Number of protein chains: 2
Amino acid sequence: MTRWQPDARGRLAQAALELYAERGFDGTTVADIAERAGVTERTFFRHFADKREVLFADGDVADVLVEGVAGETPLAAAIAGFAAVGAVIQDRRAFAEQRNAVIAASPDLQERELIKLASWADAVRDALLAQGVDPTEAALAAQVALAVFRSAFQRWLTSGKDADFARSIRETADALRALVV
Amino acid sequence: MTRWQPDARGRLAQAALELYAERGFDGTTVADIAERAGVTERTFFRHFADKREVLFADGDVADVLVEGVAGETPLAAAIAGFAAVGAVIQDRRAFAEQRNAVIAASPDLQERELIKLASWADAVRDALLAQGVDPTEAALAAQVALAVFRSAFQRWLTSGKDADFARSIRETADALRALVV
DNA sequence: CATGGTGATGTCAGTTTCTGACATGACCAT
DNA sequence: ATGGTCATGTCAGAAACTGACATCACCATG
């Protein structure tokens, strides 16, 4: 006789995404999420630091990001890092869409999203630093690459069901070059 | 006999900045802030939506930003908008430094800072749209200009007491051009 | 001068988020 | 079998916020 069902964390994450989609972030209490997942509220807070974080457990995405940082120039390298993340996201488009819709509907979740993206930019900056890039240049390249990623993500979402993330990145990078000239 | 001292809102903002600097954001309760300002906790929440917002009442900065959006190219126009804000910030350097230090010390405050900056980028994007710029191009230009602003702000802070914000912006914009080439 | 409306604040009760401390019991190594 | 470990449960409480209603200086109006 097992005392608890396995993967409480996964059930909590799933329940949270569903409830945020059904009733909105504000209309959902942590007690609701815990109940649907079949655990107590206290267990929720053992797995996730707060009510928002449950949507942002990216696992090892940061590793993918950092390993992808390589290229001819610092900016190209930074963009390549984000492109690697794009490839991961592309494999779960339906999830990405639902999650994106939920976040777009809640300022609280947007805040958390922004700081997560900022931490990605910091990781890219650090990767560039490790490759000997000048600190100021690395920070700027990471921020600009993030801007490209965000724009490319929107482009990918609005480009239909079978859009290619790498293509969206390339197109956005081209648009950037056109802007700066 | 006046029933209350004037400018409760201003006193709350001042008390909050002081206390966040003294004890940190987490170490400060809204009751602490209200007490120092000589009002009740309820009054705090009438003036500010939440505990973070008290540091982010920028007043008419968004107007300055939008009015500053003008230039030869969309990116130049977007950067000009942020440069206009820079000029305002430059006039209150000591305040900017203290506020920046307080925010840097708290992830919660950083989140709010990021979403405020994002809303600035959205305002710039809308201003570009109003000038007939292509939507995708406008969004990207606004995001890139924000990256330039953030980098320029750091540069300005670390460039000594009498640094010129406009100069930091120019230098960062030059760095961007060098990156993209 | 009286009267009544307005607006900023106070008071208070309640919900929700989040934390610390301690208890439980299945599982595992010895 | 015995004891340790680890995920979870239980409980109490602090702090962030919200809604409803009360107060009373001030001000316009007759």
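Please read all numbers here as calculations on a predicted model, not as lab measurements. Chain letters run A, B, ... following the sequence lines, proteins first and then strands; every chain starts at 1.
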Other residues, nucleotides and ligands only: do more than 12 of their heavy atoms fall within 6.0 Å of CD on B:Glu35? no
How many Å lie between CD on B:Glu111 and C1' on D:dA16, as a whole number? 15 Å
Spacing between B:Phe45 atom CZ and C:dG14 atom C1', to the nearest angstrom: 15 Å
Start with the C-alpha distance between A:Arg112 and A:Asp50, add both sets of side-chain angles, then the distance that settles salt bridge (Lys or Arg N to Asp or Glu O under 4.0 Å), and finish with yes or no. CA-CA 11 Å; A:Arg112 182 56 50 84; A:Asp50 59 53; 3.2 Å; yes
Is A:Arg150 atom CZ crowded by more than 12 heavy atoms from other residues, nucleotides or ligands, each under 6.0 Å away? no
Can a side chain N or O of B:His47 be found less than 4.0 Å away from OP1 or OP2 on C:dA8? no
In whole angstroms, how far is the P atom of C:dG10 from the CZ atom of B:Arg46? 8 Å
Contact under 4.0 Å: B:Thr40 side-chain N or O vs C:dG10 OP1/OP2: yes
Taking atom P of D:dA16 as reference, at what distance in whole Å does atom CG of B:Leu19 sit? 12 Å
From the list C:dC18, D:dC17, C:dT9, which nucleotide is the closest neighbour of the side chain of A:Asp50? C:dC18
Between A:Val39 and B:Thr28, which is nearer to the 5' end of DNA chain D once each is assigned its nearest nucleotide? A:Val39
Gap between atoms CD and C1', on B:Glu53 and D:dT18 respectively (whole Å): 17 Å
Distance check needed: D:dA16 C1' versus B:Asp32 CG, whole Å only. 13 Å
Over how many whole Å does the gap from A:Arg42 atom CZ to D:dA7 atom C1' extend? 12 Å
With a 4.0 Å cut-off on N to O distance, would you call B:Asp32 and B:Arg23 a salt bridge? yes
Can you check whether B:Thr43 has a side-chain N or O nearer than 4.0 Å to OP1 or OP2 of C:dG10? yes
I need the CZ-P distance between B:Arg3 and D:dC27, as an integer number of Å. 14 Å
